[in-house]
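These notes concern the structure reproduced below.
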Amino acid sequence: MCRKLLLVMLLSTGVLCTSCDMFSKKEKVAHSDPNGSVNEKIAYQKGEISKYRTAINMEKQKSIKSLQKRDMGEVRRSNDKVARYQRKLTEHKQALSTLEQEKNKPGA
């Protein structure tokens with residue numbers, strides 16, 4: 001009898017905690033507009049740069065794990081993704097530098 005009561009209490013607590021949104025916090029995130037003002041464009045470029053940096057780090061870790069498993073196809077695929085992300089990263093860095101020059105330009 002005690003086991004059944006304990007099981008019912010455990011299951012009801014689990015259902016209660018997972019069904020309601022008591023513990024989840026919804027954050028309001030401000031997205032930068034790539035077509036907005038210069039400051040918004042700069043914020044957008046910085047966000048894209050950080051996104052690609054984290055993607056590059058994740059792919060490098062995946063490549064190392066695949067290399068340890070001797071899965072060379074996965075290593076090549078991962079290295080190709082890193083190269084693609086590097087190209088995107090340099091494009092966003094160049095755009096960021098031109099936007100910062102535009103922002104710092106006298107008379108703007």
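One is the number of the first residue; the rest follow in order along the sequence.
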Lys51 and Glu48: CA distance, side-chain angles, deciding distance, salt bridge (charged side-chain N to carboxylate O under 4.0 Å, His left out) verdict: CA-CA 5 Å; Lys51 180 178 79 172; Glu48 290 294 306; 3.1 Å; yes
Non-neighbouring partners of Arg77 that pass salt bridge (charged side-chain N to carboxylate O under 4.0 Å, His left out), sequence neighbours left out: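 For Arg77, the residues satisfying salt bridge (charged side-chain N to carboxylate O under 4.0 Å, His left out) (neighbours in sequence not counted) are Glu74.
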From [atom1] ([X]) to [atom2] ([Y]), nearest 0.5 Å:
X: Met58; Y: Ile56; atom1: CE; atom2: CD1; answer: 12.5 Å
X: Lys103; Y: Thr98; atom1: NZ; atom2: OG1; answer: 13.5 Å
X: Lys60; Y: Asn79; atom1: NZ; atom2: CG; answer: 9.5 Å
X: Gln61; Y: Ser66; atom1: CD; atom2: OG; answer: 11.5 Å
X: Leu96; Y: Ile49; atom1: CG; atom2: CD1; answer: 4.5 Å
X: Met72; Y: Ser63; atom1: CE; atom2: OG; answer: 8.0 Å

Test item: Glu40 side-chain N/O and Ser37 main-chain N/O as donor-acceptor pair under 3.5 Å: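 A pair under 3.5 Å: yes.
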Sequence neighbours left out, cut at 3.5 Å: what donor-acceptor pairs do the side chains of residues 81-94 make with other protein atoms?
residue : atom : partner : partner atom : Å
Thr90   : OG1  : Gln86   : O            : 3.3
Thr90   : OG1  : Arg87   : O            : 2.7
His92   : ND1  : Gln45   : OE1          : 2.6

Side-chain touch Val75/Lys62, heavy atoms, less than 4.5 angstrom: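 With C-beta onward as the side chain, the pair stays apart.
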